[in-house]
Amino acid sequence: MNNIARTAPAPINPDNIGVFRNGQFIVDYNVNNAWDNGIDRVYTFGKLGDIPIMGDWDGNGKLKIGVFRNGQFIVDYNRNNAWDNGIDRVYTFGKAGDYPVMGDWT
């Protein structure tokens with residue numbers, strides 16, 4: 001894991017594959033289904049035990065990352081793939097032990 005390059009934030013394409021490991025979204029940025037050091041991206045958002053989520057938090061049609069932790073949806077509201085206190089949002093819905101579900105309910 002030490003060989004993974006940390007690069008500047010860039011939008012996550014929802015059609016790309018990736019994994020969530022210990023609070024990091026590790027994504028196949030160039031969509032070749034293989035890890036390419038220096039090209040693919042790692043975004044730290046969350047921590048060990050969080051459940052990764054994606055959604056359109058502000059209704060602009062673009063997916064953003066987030067995590068679900070103990071009944072809280074912690075979301076990257078401004079889509080820069082990093083936590084910004086005072087800008088990003090926390091919504092409480094549920095409780096510890098619940099699993100998040102996402103959808104366009106309207």
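Computed from a prediction, not measured in an experiment: that's the story for all the values here.
- Here the CG-OH distance, from D36 to Y29, works out to 13.5 Å after rounding to the nearest 0.5 Å.
- Transitive grouping of hydrophobic side chains (ILVMFWY, heavy atoms separated by less than 4.5 Å) brings Y99 and Y91 into a common cluster.
- Between the side chain of D98 and the backbone N or O of G71, no donor-acceptor pair lies under 3.5 Å.
- I26 has its side chain within reach of R21: a pair of non-hydrogen atoms, C-beta onward, lies under 4.5 Å apart.
- A continuous path of ILVMFWY side-chain contacts below 4.5 Å connects V42 to V19, so both sit in one hydrophobic cluster.
- I53 and P100 get closest at one heavy-atom pair: CG2-CG, 3.8 Å.
- Here the shortest heavy-atom pairing between N33 and D28 reads N-OD2, 2.6 Å.
- In this structure, the side chains of D58 and R79 stay at 4.5 Å or more apart for every pair of heavy atoms.
- Looking at heavy atoms from C-beta onward, K95 lies out of side-chain contact with N70 at the 4.5 angstrom threshold.
- Taking the charged nitrogens against the carboxylate oxygens, D56 and K64 do have a contact shorter than 4.0 Å, which makes a salt bridge.
- No chain of hydrophobic side-chain contacts below 4.5 Å, direct or via other Ile, Leu, Val, Met, Phe, Trp or Tyr residues, connects M102 to L63.
- Side-chain contact check for D88 versus N78: some heavy-atom pair is nearer than 4.5 Å.
- Residues in residues 69-88 take part in these ring-ring contact (aromatic ring centres under 6.0 Å, His included) pairs, two or more places apart or across chains: F68-F73.
- The two residues I65 and F45 make their nearest non-hydrogen contact at CD1-CB, 3.7 Å.
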